[in-house]
Engineer: 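My questions will all concern the structure given below.
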Amino acid sequence: MNQPVVPDSALTAGHALVVVDVQRDFCPGGSLAVPDGDAIFGVVNAWLQAYHQHGLPIAFTQDYHPQNHISFKARGGLWPPHCVAGSAGAEIHPAIGIPPEASFFHKGVDPDQDAYSGFEGRLYDPAHPAEPGPGLAEWLRQRQVTTVVVMGLATDYCVRATALDALSLGFAVKLVRAGVRGVDVHPGDSERAIDEVAARGGMVL
Ligand code: VGL
Ligand code: ZN
């Protein structure tokens with residue numbers, strides 16, 4: 001397979017890569033698998049490698065729920081249990097090449113609050129697991145980031161919410177179409193999500 005090309009224009013100062021929820025539970029075999037979720041691995045890995053080589057910031061978001069999370073069916077939510085904190089399903093999928101300098105933002109940790117956007121996440125520091133760090137926006141601003149490149153799972157939920165929040169917060173957004181897949185509970189949800197991001201000023205690569 002050809003390596004996807006990462007354009008030089010997206011490898012310049014002020015850019016950061018935000019990889020949304022590429023976790024075992026959202027990939028084939030997981031408890032809330034996105035159809036074809038694994039089809040993005042090659043694209044995600046190519047961008048990770050390029051960002052690593054250029055010394056640009058890399059953030060992973062992780063859905064990271066308590067067992068009694070409000071979005072789970074047992075509590076009247078939409079979803080089967082998924083991405084339970086500390087479980088294998090919450091891990092970044094092992095086929096993803098995680099650069100050593102990458103940072104991780106956990107979201108959905110409050111049992112009573114849903115959180116689709118990565119901007120609701122807080123930096124996870126394994127040395128201080130009980131002390132959440134800065135939110136994603138603060139972390140990006142500390143690094144002089146003005147443009148976020150967004151990819152991951154699922155297009156119509158967490159990717160959508162993350163990209164729209166980024167735009168609301170004043171970041172430019174580049175959404176990588178080949179790097180996202182959606183759930184499409186209602187047919188067309190993913191395409192509509194991409195259209196929404198574009199209509200709000202996001203660039204679709
Ligand atoms: C997500 C459904 C439930 C996502 C998270 O990451 O898109 N979807 N929780
Ligand atoms: Zn969730």
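Numbers here are sequence positions counted from 1. Atoms within a ligand are numbered from 1 in the order they appear, just like the ligands themselves.
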Engineer: Heavy atoms only: which of Ala161, Ala115, Cys158 is nearest to atom 7 (O) of ligand 1?
Structural biologist: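 Of the listed residues, Cys158 has the closest heavy atom.
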
Engineer: N/O to N/O below 3.5 Å, does that happen between Phe26 and ligand 1?
Structural biologist: no

Engineer: Under 2.8 Å from the Zn ion (ligand 2), is there an N/O/S atom belonging to Asp114?
Structural biologist: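 No, since none of the N, O or S atoms of Asp114 sits under 2.8 Å from the Zn ion (ligand 2).
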
Engineer: Could you tell me if any non-hydrogen atom of His82 lies under 4.0 Å from any atom of ligand 1?
Structural biologist: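 True for this residue.
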
Engineer: Considering only protein heavy atoms, which is closest to atom 2 (C) of ligand 1, and at what distance to one decimal place?
Structural biologist: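 So the nearest neighbour among protein heavy atoms is Trp79 CE2, 3.4 Å.
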
Engineer: Heavy-atom contacts under 4.0 Å between Val159 and ligand 1: side chain, backbone, both, or neither?
Structural biologist: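 Val159 to ligand 1: no contact under 4.0 Å from either part.
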
Engineer: Only to 10 degrees, please: what angle do the OD2 atom of Asp63 and the NE2 atom of His65 make about the Zn ion (ligand 2)?
Structural biologist: 90°

Engineer: Please find the pair of heavy atoms, one from Leu136 and one from Ala59, that lie closest to each other, and give the distance.
Structural biologist: CD1-CB, 4.0 Å

Engineer: Can a salt bridge be assigned to the pair Asp189 and Arg160 using a cut-off of 4.0 Å between side-chain N and carboxylate O?
Structural biologist: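 Here Asp189 does not pair with Arg160 in a salt bridge, since their nearest N and O are not under 4.0 Å apart.
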
Engineer: The test is side-chain contact (heavy atoms from CB on, under 4.5 Å); show your working for Ile40 and Val180 and say whether it passes.
Structural biologist: CA-CA 6 Å; Ile40 69 171; Val180 297; 5.6 Å; no

Engineer: Would you say the Zn ion (ligand 2) has Cys83 as a near neighbour, meaning an N/O/S atom of that residue under 2.8 Å away?
Structural biologist: no

Engineer: Treating His15 as the side-chain partner and Pro57 as the backbone partner, does any N or O pair qualify as donor plus acceptor under 3.5 Å?
Structural biologist: no

Engineer: Is His69 close enough to the Zn ion (ligand 2) to have an N, O or S atom under 2.8 Å?
Structural biologist: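 Not a single backbone or side-chain N, O or S atom of His69 is under 2.8 Å from the Zn ion (ligand 2).
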
Engineer: Would you check if the side chain of Arg75 reaches a backbone N or O of Asn68 as a donor-acceptor pair within less than 3.5 Å?
Structural biologist: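 Looks like yes, one N/O pair under 3.5 Å.
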
Engineer: Tell me, which protein residue and heavy-atom name are nearest atom 6 (O) of ligand 1, and how many Å apart are they?
Structural biologist: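 Of every protein heavy atom, Asp21 OD2, 2.5 Å lies nearest to atom 6 (O) of ligand 1.
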
Engineer: Checking Ser168 against Arg200: is there a side-chain donor and acceptor pair closer than 3.5 Å?
Structural biologist: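 Checked: Arg200/Ser168 side chains pair up, N/O donor to acceptor below 3.5 Å.
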
Engineer: Applying the salt bridge (charged side-chain N to carboxylate O under 4.0 Å, His left out) test to Lys107, which of Asp165, Asp114, Asp63 qualifies?
Structural biologist: Asp63

Engineer: Does Gln62 reach the main-chain N or O of Phe104 with its side chain, forming a donor-acceptor pair under 3.5 Å?
Structural biologist: no

Engineer: If you measure every N/O of Ala154 against every N/O of ligand 1, is any gap under 3.5 Å?
Structural biologist: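 In this structure, Ala154 places an N or O atom under 3.5 Å from an N or O of ligand 1.
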
Engineer: Considering just N/O/S atoms, say which atom of His82 is closest to the Zn ion (ligand 2).
Structural biologist: NE2

Engineer: Considering heavy atoms of the protein only, find what lies nearest to atom 8 (N) of ligand 1 and give residue, atom and distance to 0.1 Å.
Structural biologist: Tyr157 CB, 3.8 Å

Engineer: Is there at least one pair of N or O atoms, one from Asp63 and one from ligand 1, spaced under 3.5 Å apart?
Structural biologist: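 Asp63 vs ligand 1: N/O contact under 3.5 Å present.
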
Engineer: Check Val183 against Ala154 and note the closest heavy-atom contact, atom names and distance.
Structural biologist: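 It is CG2-CB, 3.6 Å.
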
